[in-house]
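Worksheet: the structure to be examined is printed underneath.
The shown structure was predicted, so the numbers you read here are calculated from the model rather than taken from an experiment. Values below: every heavy atom of this structure, side chains too, minus hydrogens, waters and symmetry copies.
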2 protein chains.
Amino acid sequence: MPAARQKLLNAALAVIRTKGYSATTVDDLCAAAGVAKGSFFHHFKSKEALAVAAADYWSEITGALFAAAPYHTHADPLDRVLGYIDFRKSLLAGKVPEFTCLVGTMVQEAFETCPPIRDACGASITGHAAKVEADLAAAMTRYGLRPDWTAESLALHTQAVLQGAFILAKATGSAAVAAASVDHLRRYIELLFKPTSLKKRGHT
Amino acid sequence: MPAARQKLLNAALAVIRTKGYSATTVDDLCAAAGVAKGSFFHHFKSKEALAVAAADYWSEITGALFAAAPYHTHADPLDRVLGYIDFRKSLLAGKVPEFTCLVGTMVQEAFETCPPIRDACGASITGHAAKVEADLAAAMTRYGLRPDWTAESLALHTQAVLQGAFILAKATGSAAVAAASVDHLRRYIELLFKPTSLKKRGHT
DNA sequence: TGACTTATACCGACTAGTCGGTCTATTTTC
DNA sequence: GAAAATAGACCGACTAGTCGGTATAAGTCA
């Protein structure tokens, strides 16, 4: 991948997560990437095209991050799910724009006005959720669950909690609020799969 | 309140929820409100000031909506909480911009670049959560819970789930996905307060 | 009562500056 | 030396905000 393109995509992750998509100008991105405007339009035919490419790039980057995470080594699929949640919680560090989600931010601005961006963001979220769903489905089998909810809906719920936690963090300026919400998500899944194990801890 | 100001605030709710804050122009708002540009700057000293006023207006509107909702009549505070959640779920109808949250949308764009907007959005969310927290705290007392989580964190978690559900709805174009996430939230709260009642339903 | 003053609401043309995107020229790479 | 990559001046459309002005209604003084 040409250097300027790579630098522009990395700049897009940082700048858009900080300012949002609409407020980010092409000149902002060029300045952050240390690249001239001509290079921008050489690699991307429009600002919108960059946004789509950035969403795909985000899927790549995060896909690699989670693929390399240690929780996959657990034999019990439920432990993998809980390990995933713990891993997500551990990422809630640093400044808010550093741990929040690019596609969650962009889809809020683009869902109605720009279908290509919305679809790229949607694919990023649902694609990630599908990986969680696989472990959840395995855990449901392992633990003999026959619930009135699906692995898919629970996997999407994990993403909803995380996206919502990011909004709380943005609104309060505190990563701790987001972490507390992730704790509730973990507790929920433990209650679903091991209803008795937590009862004594959380209930008198 | 002068007519033009009122019309501009109502226009702001609709337009900003559809296009986002940055992508919404002052001319957009004037056109949607059927008002001239001079009137806009007569009532609001800047676009940013309108956003702050719109967030406060949103708090008023939604405050009145929830205050008038029927779930407050339940004697059991847990029933009020669950009634609140059912009410939130019932609102997930129509087109996406009609049921999503103004301040959740705006804070994503403004949290880093515009503290006044961020604070107004934050106050709207935490103020709403505080009302849920009151019923949650009463329910914890009623049900004799001594958990390692707080009513405040759980109240904020309800808002996280709702905000995240909105993002899923925007990404997928489906209100049903959001509703499924709200179902998970309801199930979590039932499990926390009545751990045995659902065990037989969701677990073989 | 009727002329004058004040205050608020509303209007839309206008401006100074910004934005996405284009164009042509130069440099780098193979 | 051809093709790809980079550069930045440039352009027309657009945007937030300004400005001079009109309309209406309520005091206020003779």
Original post:
Do the ring planes of B:F87 and B:F66 sit parallel (below 30°), tilted (30 to 60°) or perpendicular (above 60°)?
Top reply: perpendicular
Original post:
B:F111 versus B:C121: any side-chain heavy-atom pair under 4.5 Å?
Top reply: no
N/O-N/O pairs, protein side and nucleotides 8-11 of chain D side, under 3.5 Å:
from, atom 1, to, atom 2, distance (Å)
D:dG8, N7, A:G38, N, 3.2
D:dG8, O6, A:G38, N, 3.2

**OP:** Indicate the atoms forming the closest heavy-atom contact of B:M106 with B:A55, along with that distance.
**Re:** CE-CB, 4.1 Å
Subject >> Donor-acceptor contact present, side-chain A:E109 to main-chain A:Y21, <3.5 Å >> reply: yes
Original post:
For the side chain of A:R80 and the backbone of A:A75, is there at least one donor-acceptor N/O pair under 3.5 Å apart?
Top reply: yes
Subject >> Contact residues, residues 13-20 of chain A to DNA chain C [heavy atom, < 4.0 Å] >> reply: none
Original post:
Any idea how A:F166 and A:F99 line up, ring-wise: parallel (<30°), tilted (30 to 60°), or perpendicular (>60°)?
Top reply: tilted
Original post:
Expressed in angstrom and rounded to an integer, what is the separation of A:Q6 atom CD from D:dA5 atom P?
Top reply: 14 Å
Subject >> Residue pairs passing the side chain to side chain donor-acceptor pair (under 3.5 Å) test where at least one lies in residues 90-103 of chain B, sequence neighbours excluded >> reply: none
Subject >> Proximity to DNA chain C (any heavy atom under 4.0 Å), residues of residues 21-34 of chain A only >> reply: A:T24, A:T25, A:V26
**OP:** Taking only Lys NZ, Arg NE, NH1 and NH2, and the carboxylate oxygens of Asp or Glu, determine whether A:R187 and B:D148 approach each other closer than 4.0 Å.
**Re:** yes
Original post:
Going by the side chain to side chain donor-acceptor pair (under 3.5 Å) test, which pairs reach into residues 110-126 of chain B, not counting sequence neighbours?
Top reply: B:S59-B:S124
**OP:** Applying side-chain hydrogen bond (donor to acceptor under 3.5 Å, both in side chains), name anything that partners B:N10, two or more places apart in sequence or on another chain.
**Re:** B:Y57
**OP:** Quick one: sort the A:F193 and A:Y143 rings into parallel, tilted or perpendicular, breaks at 30° and 60°.
**Re:** perpendicular
Original post:
Taking only residues two or more places apart in sequence or in another chain, which ones pass side-chain hydrogen bond (donor to acceptor under 3.5 Å, both in side chains) with B:R88?
Top reply: B:Y84, B:H128
Original post:
What is the distance from atom OG1 of B:T158 to atom CD of B:Q163, rounded to the nearest 0.5 Å?
Top reply: 10.0 Å
Subject >> Any donor-acceptor pair under 3.5 Å from B:K47 side chain to B:T24 backbone >> reply: yes
**OP:** Count the heavy atoms belonging to other residues, nucleotides or ligands that lie under 6.0 Å from CD of A:E48, then report whether that count exceeds 12.
**Re:** yes
**OP:** Look only at the side chain of B:K170 and the backbone of A:G104, and say whether a donor-acceptor pair between them is shorter than 3.5 Å.
**Re:** no
Original post:
Can you list, by residue number, the residues of residues 107-118 of chain A that have a non-hydrogen atom closer than 4.0 angstrom to DNA chain D?
Top reply: none
Listing, residues 174-182 of chain B side-chain donor-acceptor contacts under 3.5 Å, not counting sequence neighbours, or none:
from, atom 1, to, atom 2, distance (Å)
B:S174, OG, B:A176, N, 3.1
B:S174, OG, B:V177, N, 3.2
B:S181, OG, A:H157, ND1, 2.7

Original post:
Which stems does DNA chain C form, counting runs of 3 or more consecutive Watson-Crick or G-U wobble pairs with both distances under 3.5 Å?
Top reply: C:1-30 with D:1-30
Taking only N/O atoms, report every protein-nucleotides 25-30 of chain C pair under 3.5 Å with atom names and distance.
none

Subject >> Evaluation steps, side-chain contact (heavy atoms from CB on, under 4.5 Å), between B:L13 and B:L9 >> reply: CA-CA 6 Å; B:L13 301 197; B:L9 287 173; 5.9 Å; no
Subject >> A:I61 side chain reached by A:L65 side chain, heavy atoms, under 4.5 Å >> reply: no
Original post:
For A:L29 and A:L8, which heavy atoms make the closest approach, and how far apart are they?
Top reply: O-CD2, 3.8 Å
**OP:** Strictly below 4.0 Å, heavy-atom distances to any atom of DNA chain C: list the hits from residues 41-54 of chain B, or just say none.
**Re:** B:H42, B:H43
